[in-house]
Amino acid sequence: MKWQIIWLSLIVLTGCVLGWSQLSYAQSGSNVSFVLMPIQTAFVKGDAAKFRAINWTKDGAQSGIKELKIDSKPCKDVQVSFEGSGIVGDEDYSGSLLITKDNVGYIKLSYDTLRKYYDNRGSYFPAFTAPGMDLQTLDKDLRLDIGHLKFEIGKGSPDDPEFSFSYERGTKNGSKSNTTLAYGYDRIFNTTASTDKKRLISPVFSDKDETSDTLTLKGKAAVSGVTIKGEQQVVFFDAKTMRQEQLTSGASGYTPSPADTKVTQYTEMPQAQEYSTLLRGERWSVNDTTFLSLGYRFGHIQNSMIETERDFASVNNLTTTGLLLKSNGYTVDGSLKGGEAHNVLDSHTFTGQILSNVAKDLVFITKLKAEAENIHGNSNFDTLFSNTSLAAQSRVTETNEDRNYSLAENFSVRYNGLSKIALYTDLDVTQERKTKSLLFPVTGGSRFAQTMNHVNGTEGTIGARITPINKVSLTTEWKYGEKTDSRDLEDGTNASYYFNKIRYVSDSVSSRLAWKPVKWFENSVKVINSMQVNHMSNYGTPSSSSDTAYGKVKMPITERDFIYDVALNPTDQLMFDASYGIKFLKTGGVGSAVTVGGTNYGSYAPPAATANVYTWSLMTSYAPAEKLSIFNSFAYSRAKNQTEADVDNYRNVTSGGGAMSFGIDSEWYDIDTGIEFKPNKDLTIKPHYVYSSYVNFEGLETGNYSAHIIGLDVSLKW
């Protein structure tokens, strides 16, 4: 963090020097303004961790500068602009400095850092009987600091320089939650200890430390009417991630074994270097009615990964002596392991574009993209003998080579020749061929397998904007898409089960009708109706001619949205803006279709999952006097969805274990009210109050909170 503090201090110091220098010299054209937040305090009752995760801000007191702007001209032909902010307590800082000199060039320096918070709770399962087992909480605050620094120097305009060189550094440091969960063990429903007693409820977290450094060189030149642009870029990436899964166990009726309380740590250390070269040529022709461009990019990536996996007896014994070992010295389940992988990727990408104004009201656009990739990789996975010598007991080695080819075409038409109607259409077509060759070990030797993927996709859009009368407008759009991914075994023998064909079909229609009968009243209705159906076919190991498809899956996903907006401005002093929305989202259940080897894979299919959300919002503004205005906002959301599915025991749901409930059944309130007072044209004082609430129902989860936030903003410019 030291270098972050140094860079931020330099930016703030530069801004202050520029600001005070302009106050001293008082040159024409200078402008300084800032928004100060002397204090903001959040009083949170309930789950403060969830409050931080949802609102991306901490509880308690904060203060700082929300915005600082300086525009000045210290000498002839030189323009200096500075923008910055800094909130103490939330680790939210930013600074941007731009110095330009007419007909010469520019220098840019920027820095941003923010903190993202995560919830430290797992899933909720009230059927567990041991105290504290129904909900697991990490004894750890989860937060991730994200930073970005950039320095750039160039010739010409900052928006489109003739030549530029830049250096960027990105960082991520801290801890975050994982979407995956670990098992919790306990007796359920006071039955015997032998009853299925595990559920995925224990939270999992990752410690992250990432850095990336990017060097970029850009340039452009005009040759015979063609603008040539080039870019050379080098990226260095380095990271270390430790993911920890902690199994938890209650003491309700059985004695936990070490396997029920173990902690597994996965440490990953990836490194990568990327080199890319980009060339692009573009020009306008045919009396500036047609635009043509061609581009080529070469990319080379080298990456490596080192990973270790270790099991410990419990969270209280994360030491070398706490490693779980069998009597013969091997680890439990062979989980003291280490692996490494290396990959090299070379890619060649060609792009082309033509934009032509065919007629006064007709525009035609076509794009083409062709790409070829070649990937070579190898990996070693070791099972270690002991926790002292760390000698390799066995090694698994795999090598692979992938060759991928893809084509993508786009065709677009825009037509405005009809009275009060504008039409547009887009068509995207893709073709991909992916060949994967794999050499992997088996008992007594090795096995070679080669697979071929054929991926074809089409997506089309037709839309129109219609204005039958001046006060009414209608925008409607229909979109259809289809994508098929089929996999063939070209050589070798099948090593595992896989989906040999996946087909995605999507269809959606959206319309928006806006009506403004009078100047002070406007309202609109938007409706979206979409469906996506995923068809999947699954094949097993072909041990005999009678083994055919063992499963076919069809999973539909439907979404319907309704949004109504209304805006009222009856007087210059009064404004209302209200909105109501409904979202209906439903995902169909998934299940196998036939019986293979005496096992009925079609006996279980999770029920459909729903995600229906209702939202209301209202914003008002009232200015009873020239120097005084009152603002209010209200937002409310209600989600009532619950799905029960025993995902941990899905082939025998009648075992007495009890199904877990998924989904969300919650409501959110956010109320913001405040006053804006302007004693003069350069000073604004803005006190405000916010009430925020999050409530869960039906026992799906916990983590309720209510928060009262009081703040004061002061704006000043000169």
Side-chain angles (χ1 to χ4, degrees), residues 35-64 66-67 85 87-92 114-122 124 135 137-138 141-144 146 176-177 203 563 565 575-583 611-622 629-641 663-676 685-714:
V35 178
L36 180 66
M37 187 177 74
I39 186 65
Q40 177 174 292
T41 302
F43 302 94
V44 180
K45 180 181 179 181
D47 190 348
K50 176 152 287 189
F51 168 81
R52 292 191 292 264
I54 292 178
N55 296 277
W56 283 37
T57 186
K58 69 182 291 293
D59 50 316
Q62 303 178 56
S63 62
K66 297 183 71 173
E67 183 181 279
S85 66
I87 305 299
V88 179
D90 232 1
E91 300 302 318
D92 188 350
L114 61 90
R115 174 168 290 176
K116 185 176 181 180
Y117 297 91
Y118 297 87
D119 196 2
N120 60 359
R121 293 172 177 256
Y124 182 57
L135 178 71
T137 304
L138 293 171
D141 288 332
L142 302 180
R143 58 193 185 190
L144 192 65
I146 304 172
K176 65 182 292 293
S177 60
I563 303 170
D565 291 307
M575 183 274 293
F576 294 90
D577 194 347
S579 177
Y580 172 69
I582 309 174
K583 177 185 288 291
N612 302 331
V613 181
Y614 305 83
T615 60
W616 293 262
S617 68
L618 173 66
M619 291 187 296
T620 66
S621 176
Y622 177 56
S629 62
I630 303 170
F631 60 89
N632 300 278
S633 68
F634 168 79
Y636 174 77
S637 295
R638 181 72 169 96
K640 192 173 184 180
N641 312 289
I664 186 169
D665 191 357
S666 306
E667 67 178 10
W668 302 263
Y669 286 100
D670 281 294
I671 302 173
D672 190 349
T673 184
I675 299 174
E676 187 175 279
I685 301 173
K686 187 177 177 181
H688 60 93
Y689 164 78
V690 177
Y691 173 74
S692 179
S693 173
Y694 181 82
V695 181
N696 290 285
F697 301 96
E698 301 299 332
L700 290 177
E701 61 172 322
T702 61
N704 300 349
Y705 70 80
S706 61
H708 302 271
I709 305 171
I710 302 173
L712 175 65
D713 295 341
V714 178

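Bear in mind that the values here come from a model prediction, so they are computed numbers and not experimental data.
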*Asks:* How long is the straight-line distance from CD of Gln40 back to CG of Asp713, given to the nearest 0.5 Å?
*Replies:*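 Here the interatomic distance stands at 7.5 Å.
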
*Asks:* Do the charged groups of Asp47 and Arg121 touch, with an N to O distance under 4.0 Å?
*Replies:*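 Looking at Arg121 together with Asp47, the answer is yes, because their closest N to O distance falls below 4.0 Å.
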
*Asks:* Over all heavy atoms of both residues, which pair between Leu135 and Gly122 is shortest? Give the atoms and the distance, please.
*Replies:*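 That closest heavy-atom pairing would be CD1-O, 3.6 Å.
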
*Asks:* Heavy atoms, side chains only, cut-off 4.5 Å: are Arg143 and Tyr118 in contact?
*Replies:*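 No; the side chains remain at least 4.5 Å from each other.
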
*Asks:* How long is the straight-line distance from OG of Ser692 back to CG of Asp672, given to the nearest 0.5 Å?
*Replies:*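 Rounded to the nearest 0.5 Å, the CG-OG separation comes to 10.5 Å.
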
*Asks:* Between Met575 and Thr620, does the side chain to side chain contact (heavy atoms under 4.5 Å, CB included) criterion hold? Intermediate values first, please.
*Replies:* CA-CA 6 Å; Met575 183 274 293; Thr620 66; over 6 Å; no

*Asks:* Is the charged tip of Lys50 near the ring of Tyr705: under 6.0 Å from the six-membered ring centre and within 45° of its axis?
*Replies:*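 Negative - Lys50 is either too far from the ring of Tyr705 or too far off its axis.
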
*Asks:* Scan Thr41, Thr57, Ile709, Ile39 and name whichever one has a side chain to side chain contact (heavy atoms under 4.5 Å, CB included) with Gln62.
*Replies:*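 Among Thr41, Thr57, Ile709, Ile39, the one that satisfies the side chain to side chain contact (heavy atoms under 4.5 Å, CB included) with Gln62 is Thr57.
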
*Asks:* Decide side chain to side chain contact (heavy atoms under 4.5 Å, CB included) for Tyr614 and Tyr580; before the verdict, give the C-alpha distance in whole Å, the side-chain angles of both, and the deciding distance to 0.1 Å.
*Replies:* CA-CA 8 Å; Tyr614 305 83; Tyr580 172 69; 3.9 Å; yes

*Asks:* Ile630 vs Ser621, test: side chain to side chain contact (heavy atoms under 4.5 Å, CB included). Steps then yes/no.
*Replies:* CA-CA 6 Å; Ile630 303 170; Ser621 176; over 6 Å; no

*Asks:* Taking NZ, NE, NH1 and NH2 as the nitrogens, is one of them in Asp92 or Lys66 under 4.0 Å from a carboxylate oxygen of the other?
*Replies:*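 Salt bridge absent between Asp92 and Lys66.
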
*Asks:* Just how far is it from atom CG of Asp59 to atom NZ of Lys45, taken to the nearest 0.5 Å?
*Replies:*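 Asp59 CG to Lys45 NZ: 15.5 Å, rounded to 0.5 Å.
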
*Asks:* Among Tyr636, Phe51, Tyr669, Trp668, find the residue that satisfies the ring-ring contact (aromatic ring centres under 6.0 Å, His included) test when tested with Tyr694.
*Replies:*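 The option that passes is Trp668.
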
*Asks:* Would Lys686 pass as a cation-pi partner of Phe631, given that its NZ or CZ must be under 6.0 Å from the six-membered ring centre and within 45 degrees of the axis?
*Replies:*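 Yes, a cation-pi geometry.
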
*Asks:* Which atoms form the tightest heavy-atom contact between Pro38 and Ser63, and what is the distance?
*Replies:*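 Shortest heavy-atom contact: O-CB, 3.1 Å.
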
*Asks:* Nearest 0.5 Å, please: how far is OG in Ser637 from NZ in Lys583?
*Replies:*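 Atom-to-atom, Lys583:NZ and Ser637:OG are 11.5 Å apart.
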
*Asks:* For residues Ile675 and Ser629, determine if any side-chain heavy atom of one lies less than 4.5 Å from a side-chain heavy atom of the other.
*Replies:*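 No, too far: nothing below the 4.5 Å cut-off.
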
*Asks:* How about Arg52 and Asp141: do any of their side-chain heavy atoms sit closer than 4.5 Å?
*Replies:*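 Yes, their side chains come closer than 4.5 Å.
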
*Asks:* Between Arg115 and Asp90, does at least one N-O distance fall below 4.0 Å, as a salt bridge requires?
*Replies:*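 No, no charged N to carboxylate O under 4.0 Å.
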
*Asks:* Which value, rounded to the nearest 0.5 Å, describes the distance between Ser177 atom OG and Asp119 atom CG?
*Replies:*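 So the gap between those two atoms works out to 7.0 Å.
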
*Asks:* In terms of heavy-atom contacts, does CH2 of Trp56 have more than 12 from other residues, nucleotides or ligands at under 6.0 Å?
*Replies:*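 Not more than 12 within 6.0 Å, no.
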
*Asks:* Is it true that Tyr691 and His708 have ring centroids separated by less than 6.0 Å?
*Replies:*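 Between Tyr691 and His708, the centre distance is under 6.0 Å.
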
*Asks:* For the OG atom of Ser666 and the NZ atom of Lys640, what is their distance to the nearest 0.5 Å?
*Replies:*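 These two atoms lie 12.0 Å from each other.
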
*Asks:* Can Ser579 and Asp565 be counted as having a side-chain donor-acceptor contact under 3.5 angstrom?
*Replies:*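 Looking only at side-chain atoms, Asp565 and Ser579 do form a donor-acceptor pair, the distance falling under 3.5 Å.
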
*Asks:* Carefully, step by step, assess Ser85 and Glu67 under the rule side chain to side chain contact (heavy atoms under 4.5 Å, CB included).
*Replies:* CA-CA 5 Å; Ser85 66; Glu67 183 181 279; 5.6 Å; no

